[in-house]
Visitor: 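Structure provided below as structure tokens; questions to follow.
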Amino acid sequence: MSPLAARRTALAAQGFAQPRPTGPVTRRHLQGVLARTQLLQLDSVNVAVRAHYAPLFSRLGNYPMELLQEAAWSHSDRKPRLLVEYWAHEASLVPVADWPLLRWRMRQHKEHPSKYWQSSGGHHLSDEVVTAVKELGPITAGALEEQMGLKVAREKTPGGWWHRSDVKRACEYLFATGELTTGTRRGFERYYDIAERVLPPEVLAVPEVSRADASRQLTAKAAVALGVATEPDLRDYYRLKPEWSRQAVAELVEEGVLEPVAVDGWRHQAYRHVAARTPRRVQARALLCPFDPLIWERDRTERLFDFFYRIEIYVPEPKRVHGYYVFPFLLGEDLVARVDIKADRAAGVLRVPGAFAELGVDHAEVAHELAEELRLMAEWLGLDGVVVGKRGDLASRLGALV
């Protein structure tokens, strides 16, 4: 398989080979994206927009954020909950039907608490917290502290971060074991609730899937999402241990779900999902947040697109190359630019402090298409326009267009 064929396969697997909806975006469109990406990574950074909302915009365009909020943090007989929070690829929103595939991980947290849980003061509070949440939930950890009469003074570390209270640690331990989950969120604050009140009975009734079977099923889901991938790529999607992933890949090859392929220039053996398609051409246009599943594995991004990318949030400002929260810009089947984006909600504008073209691209074409996409993003975020700064070789041309 050529590198270009591998790239097109990966783009198609992630939903970029089909056009965005032309009419109203519905729950059916959301389910279509989830059938491809399998999950959405959660992240609290809200400089532009929180990470779980962005991949849907990249694939669907201007969609109502309430669509995801209803799917993830509310439920009714008419609109059952589609997603639930758990540790998958980091903190993630996963389909409720996948909950049984992650129970082995919950059991491991319970049977072998990490050093963090063992050393924290929250471990011994777990029974009391569960009892309180059953009575009071959904509830935040802070409100729970007050209701339990366990208000805890927090100490600052030398770096300025607050220690979590014992109650918060207990809530997070119970989240890891699956006894508590997120009932809802307001803003980005988590309201804990017992899993039995959040998940449908038919999901809770499914017997626990063994770790080996779950690893195989999760690896197959990762292969659907990636199209073509190395074993480390597949392993990373759900953060499986190498020995589990290798066994799962071998079994999926034997079952005919995965097909071993050689991709020119890739050091490791690649595997293609048998249902993956390789379009002759991809005509996409999308701003990709740093936690988009197409690019979150940085080595794979470099292999697929010849695009070296690192997020610079934790880099001191004077040492940043491209900016604080940089979105790669996908045009056609190439990553053609990097755009530092900030939603200035007070001023009502989408700010672009910097815009940088990749080598060899047509600046005029990239600037034109990027201007259109930025205007669409501003509209989606409810902002009045786009304001471009001065950093980057695309900034002047882009500023003139917006």
Side-chain angles (χ1 to χ4, degrees), residues 1-20 29 31-41 54-56 58-60 88-89 216-240 245-246 248-309 328-336 358 361:
M1 180 180 276
S2 71
L4 185 55
R7 182 190 304 179
R8 289 171 176 164
T9 304
L11 287 166
Q14 284 283 313
F16 288 107
Q18 59 190 55
R20 289 169 172 169
H29 295 109
Q31 290 172 306
V33 172
L34 290 169
R36 295 183 179 279
T37 66
Q38 305 296 320
L39 53 79
L40 298 169
Q41 184 176 343
L56 296 173
S58 298
R59 292 155 179 81
L60 300 175
H89 181 91
R216 185 169 57 254
Q217 292 185 54
L218 292 171
T219 301
K221 290 170 72 67
V224 169
L226 296 175
V228 60
T230 65
E231 181 274 318
D233 295 338
L234 295 167
R235 164 202 325 168
D236 177 72
Y237 215 80
Y238 287 94
R239 297 294 166 88
L240 300 175
S245 174
R246 291 179 191 129
V249 167
E251 291 173 358
L252 290 168
V253 169
E254 187 174 349
E255 292 170 14
V257 176
L258 295 182
E259 175 190 13
V261 295
V263 180
D264 294 342
W266 288 21
R267 289 190 302 112
H268 297 292
Q269 173 71 60
Y271 300 90
R272 174 186 169 275
H273 193 282
V274 291
R277 52 185 284 259
T278 305
R280 292 183 178 180
R281 188 179 180 190
V282 176
Q283 293 179 292
R285 191 185 77 189
L287 286 160
L288 304 172
C289 87
F291 303 104
D292 190 289
L294 179 66
I295 60 168
W296 68 29
E297 214 297 305
R298 309 306 190 203
D299 290 343
R300 174 178 165 82
T301 302
E302 190 167 4
R303 266 184 280 123
L304 281 172
F305 296 99
D306 192 23
F307 187 90
F308 180 84
Y309 176 58
F329 182 46
L330 172 67
L331 187 60
E333 49 201 36
D334 299 300
L335 296 178
V336 297
E358 292 297 289
V361 304

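Heavy-atom basis, side chains included; hydrogens, waters and symmetry copies ignored. Positions are given from 1, in the same order as the sequence printed here.
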Visitor: Going by ring pair (Phe, Tyr, Trp, His ring centres under 6.0 Å), name the pairs with one or both residues in residues 248-280, residues two or more places apart or in two chains.
Guide: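 Every candidate ring pair (Phe, Tyr, Trp, His ring centres under 6.0 Å) pair involving residues 248-280 fails, so no pair, neighbours aside, qualifies.
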
Visitor: Any Lys/Arg nitrogen of Arg298 or Glu302 sitting under 4.0 Å from an Asp/Glu carboxylate oxygen of the other?
Guide: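 So Arg298 does not pair with Glu302 through a salt bridge.
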
Visitor: To check you understand the geometry: which heavy-atom pair defines the closest contact between Leu330 and Leu288, and what is its length?
Guide: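 What the structure gives for the nearest pair is CB-CD1, 4.2 Å.
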
Visitor: Quickly, which of Arg7, Arg8, Gln283, Arg281 forms a side-chain hydrogen bond (donor to acceptor under 3.5 Å, both in side chains) with Glu333? Name it, please.
Guide: Arg8

Visitor: Give a yes or no on whether the backbone of Ala35 and the side-chain of Gln38 come within a donor-acceptor separation of less than 3.5 Å.
Guide: yes

Visitor: Return yes if some donor-acceptor pair links the side-chain N/O of Arg272 with the main-chain N/O of Val261 below 3.5 Å, else return no.
Guide: no

Visitor: Once side-chain hydrogen bond (donor to acceptor under 3.5 Å, both in side chains) is applied, do any residues pair with Arg59, and if so which ones, sequence neighbours excluded?
Guide: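 Expected list: Gln14, Asp292.
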
Visitor: Quick one: are Val228 and Asp233 in side-chain contact, heavy atoms under 4.5 Å?
Guide: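 No - every pair of side-chain heavy atoms lies 4.5 Å or more apart.
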
Visitor: Using side-chain heavy atoms (C-beta onward) and a distance below 4.5 Å, is Val263 in contact with Arg303?
Guide: no

Visitor: Quick check: does any side chain N or O of Arg20 sit under 3.5 Å from a backbone N or O of Ser58, one acting as donor and the other as acceptor?
Guide: yes

Visitor: Return the minimal non-hydrogen interatomic distance between Pro279 and Val282, and the atom names on each side.
Guide: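 Smallest interatomic distance, heavy atoms only, reads CG-CG2, 3.7 Å.
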
Visitor: May I ask you to say whether Arg300 pairs ionically with Asp236, meaning some side-chain N is under 4.0 Å from a carboxylate O?
Guide: no

Visitor: Counting C-beta onward and ignoring hydrogens, is there a side-chain heavy-atom pair between Arg216 and Leu252 closer than 4.5 Å?
Guide: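 A side-chain contact under 4.5 Å exists here.
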
Visitor: Under the criterion ring pair (Phe, Tyr, Trp, His ring centres under 6.0 Å), which of Trp296, Phe291, Tyr238 is the partner of His89?
Guide: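 The option that passes is Trp296.
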
Visitor: Kindly give the heavy-atom pair with the smallest separation between Ala276 and Gly227, and that separation in Å.
Guide: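 In this case the closest contact between Ala276 and Gly227 is CB-O, 3.8 Å.
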
Visitor: Is there a side-chain contact between Pro293 and Gln41 (heavy atoms, below 4.5 Å)?
Guide: no

